[in-house]
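Proteins get letters first, then strands, A, B, ... in listed order; numbering begins at 1 in each.
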2 protein chains.
Amino acid sequence: MPSEVIVYESEIFKALAHPTRIQILHLLRDGERCVCEIVPALEMEQPNVSRHLHVLKKEGILSSYKEGLRVIYRVNDPKIFELLDLCKELLKNHWEKRQKTFV
Amino acid sequence: MPSEVIVYESEIFKALAHPTRIQILHLLRDGERCVCEIVPALEMEQPNVSRHLHVLKKEGILSSYKEGLRVIYRVNDPKIFELLDLCKELLKNHWEKRQKTFV
DNA sequence: ATTATGTATGCAGGATGACGCATATATTAT
DNA sequence: ATAATATATGCGTCATCCTGCATACATAAT
């Protein structure tokens with residue numbers, strides 16, 4: 001029986017466990033964006049994007065507000081970018097080690 | 001079409017997206033452990049634990065070696081713990097903000 | 001060779017996730 | 001009220017994940 005915190009952690013990671021959702025976070029890195037900007041940037045169908053946004057919002061990673069017809073999404077805590085960056089560093093280390101091993 | 005790095009990142013997150021696997025990482029935090037130590041600590045069936053270990057190993061997060069009958073697993077890069085810690089901080093921030101909002 | 005021990009894997013079930021398509025909802029403009 | 005626009009949701013389908021059970025595999029002991 002894992003502690004509750006561990007379950008919540010796993011849910012955060014689950015929310016990040018899709019390329020499209022990571023792309024969305026990168027798009028929101030320099031500020032909030034409305035769905036109508038996110039959809040064309042991802043070259044993906046609008047309902048699909050809407051669901052991915054919902055997943056991130058449900059986990060408290062994003063929040064949104066309406067402005068006329070548009071819905072604008074933004075990142076709640078910039079620390080999420082540290083998480084993404086750290087993950088990339090991890091991959092870099094791993095990749096460099098592999099290179100050393102196989103070359 | 002997400003970049004390859006983003007796909008790899010999402011795969012790391014997917015590997016972390018299960019409470020049991022996070023528990024395993026915590027167990028390995030102060031050093032390597034054999035499966036026969038991990039199984040009772042998790043109170044979970046051995047084949048199931050074995051598969052979760054496999055997921056983490058496949059993503060390059062763990063590696064293993066044999067010692068007689070036993071298989072010993074260890075974390076490849078301690079940076080993975082920074083990732084877990086950062087995630088917990090994120091949760092903490094989020095939770096504190098909720099408290100402020102709802103109280 | 002046989003037996004015992006530790007670990008991994010095959011298979012089947014149910015659960016969950018992602019996507020495409022159509023459509024509902026909300027807001028604005030006419 | 002009607003039409004147009006932006007976003008969200010319902011539904012069906014296919015794929016993937018998680019688990020339990022049985023069993024295979026590897027190593028060591030007798």
Side-chain angles (χ1 to χ4, degrees), chain A residues 1-3 6-25 27-28 31-75, chain B residues 1-3 6-25 27-28 31-75:
Chain A
M1 53 197 84
S3 82
I6 287 184
V7 173
Y8 293 145
E9 275 186 84
S10 72
E11 285 167 358
I12 294 288
F13 288 128
K14 201 184 298 179
L16 300 177
H18 195 286
T20 300
R21 294 197 285 269
I22 296 180
Q23 278 186 289
I24 288 173
L25 289 172
L27 278 175
L28 297 178
E32 53 188 38
R33 291 279 165 83
C34 82
V35 180
C36 62
E37 292 172 304
I38 298 170
V39 168
L42 297 181
E43 295 177 332
M44 178 169 293
E45 311 218 356
Q46 176 271 319
N48 200 0
V49 173
S50 191
R51 282 181 214 274
H52 284 299
L53 286 166
H54 179 77
V55 171
L56 290 168
K57 186 177 176 180
K58 187 165 50 78
E59 286 310 317
I61 295 169
L62 300 184
S63 49
S64 65
Y65 62 93
K66 293 200 74 167
E67 206 169 70
L69 273 179
R70 305 187 168 178
V71 177
I72 288 120
Y73 281 85
R74 60 180 164 70
V75 165
Chain B
M1 57 198 84
S3 82
I6 287 185
V7 173
Y8 292 145
E9 275 186 85
S10 72
E11 285 166 358
I12 294 288
F13 289 128
K14 200 185 298 179
L16 300 176
H18 195 287
T20 301
R21 294 197 286 269
I22 296 180
Q23 278 186 290
I24 289 173
L25 289 172
L27 278 174
L28 297 178
E32 54 189 39
R33 291 280 167 84
C34 83
V35 179
C36 60
E37 292 172 302
I38 298 170
V39 168
L42 298 181
E43 295 176 333
M44 179 170 292
E45 309 219 358
Q46 174 271 321
N48 200 359
V49 172
S50 192
R51 281 182 215 273
H52 284 300
L53 287 166
H54 179 77
V55 171
L56 290 168
K57 185 176 178 181
K58 186 166 51 78
E59 286 309 318
I61 296 170
L62 301 183
S63 50
S64 65
Y65 62 93
K66 293 200 75 166
E67 206 168 71
L69 274 179
R70 306 188 167 177
V71 176
I72 289 122
Y73 281 86
R74 59 179 164 71
V75 164

Please evaluate the base of C/dA8 for a donor-acceptor partner in the side chain of B/Gln46 within a cut-off of under 3.5 Å? yes
With a cut-off of less than 4.0 Å, is there a side-chain N or O of [X] near OP1 or OP2 of [N]?
X       : N      : value
B/Tyr65 : C/dT7  : no
B/His54 : C/dT7  : no
A/Asn48 : C/dG20 : yes
A/His18 : C/dC19 : yes
A/Arg21 : C/dA18 : yes
B/Tyr73 : C/dA8  : yes

Please verify the inter-ring angle class for A/His18 with A/His52; under 30° counts as parallel, over 60° as perpendicular, anything in between as tilted. tilted
Find which nucleotide of DNA chain C each of A/Thr20 and A/Gly68 is nearest to by heavy atoms, and output the residue with the more 5' nucleotide. A/Thr20
Between B/Val71 and A/Met44, whichever has its closest DNA chain C nucleotide further toward 5' is B/Val71
Could you state the atom-to-atom distance from [atom1] of [X] to [atom2] of [N] in whole Å?
X       : N      : atom1 : atom2 : result
A/Lys66 : D/dT5  : NZ    : P     : 16 Å
B/Lys14 : D/dA15 : NZ    : C1'   : 11 Å
B/Ile72 : C/dT7  : CD1   : P     : 8 Å
B/Glu59 : D/dC17 : CD    : C1'   : 14 Å
B/Glu67 : C/dG6  : CD    : C1'   : 13 Å
A/Lys57 : D/dT7  : NZ    : C1'   : 11 Å
B/Glu11 : C/dA18 : CD    : P     : 14 Å
B/Leu69 : C/dT5  : CG    : P     : 10 Å

Heavy-atom closest pair, residues B/Ile12 and B/Glu59: CD1-O, 4.0 Å
Can you give me the closest heavy-atom contact between B/Met44 and B/Val39, atom names plus distance? O-CG1, 3.4 Å
Have a look at A/Glu45 and say if it touches a base, only the backbone sugar-phosphate, or nothing, with a 4.0 Å heavy-atom cut-off. sugar-phosphate
Which nucleotide in [options] has an atom nearest any side-chain atom of [X]:
X       : options               : result
A/Arg51 : D/dA8, D/dA26, D/dG10 : D/dG10
A/His52 : C/dT9, C/dA18, D/dA6  : C/dA18
B/Val35 : C/dA26, D/dT7, C/dA8  : C/dA8
B/Cys34 : C/dT7, C/dT9, D/dT27  : C/dT7
A/Ser50 : D/dA6, D/dT7, D/dA26  : D/dT7

In A/Leu28, A/Val75, A/Leu16, the residue satisfying side-chain contact (heavy atoms from CB on, under 4.5 Å) with A/Ile61 is A/Leu16
Mapping B/Ala17 and A/Val39 onto DNA chain D by nearest heavy atom, which one lands closer to the 5' end? A/Val39
In this structure, are over 12 heavy atoms from other groups packed under 6.0 Å from B/Arg70 atom CZ? no
Within a strict 4.5 Å, meaning less than it, do heavy atoms of the B/Tyr73 and B/Leu56 side chains meet? no
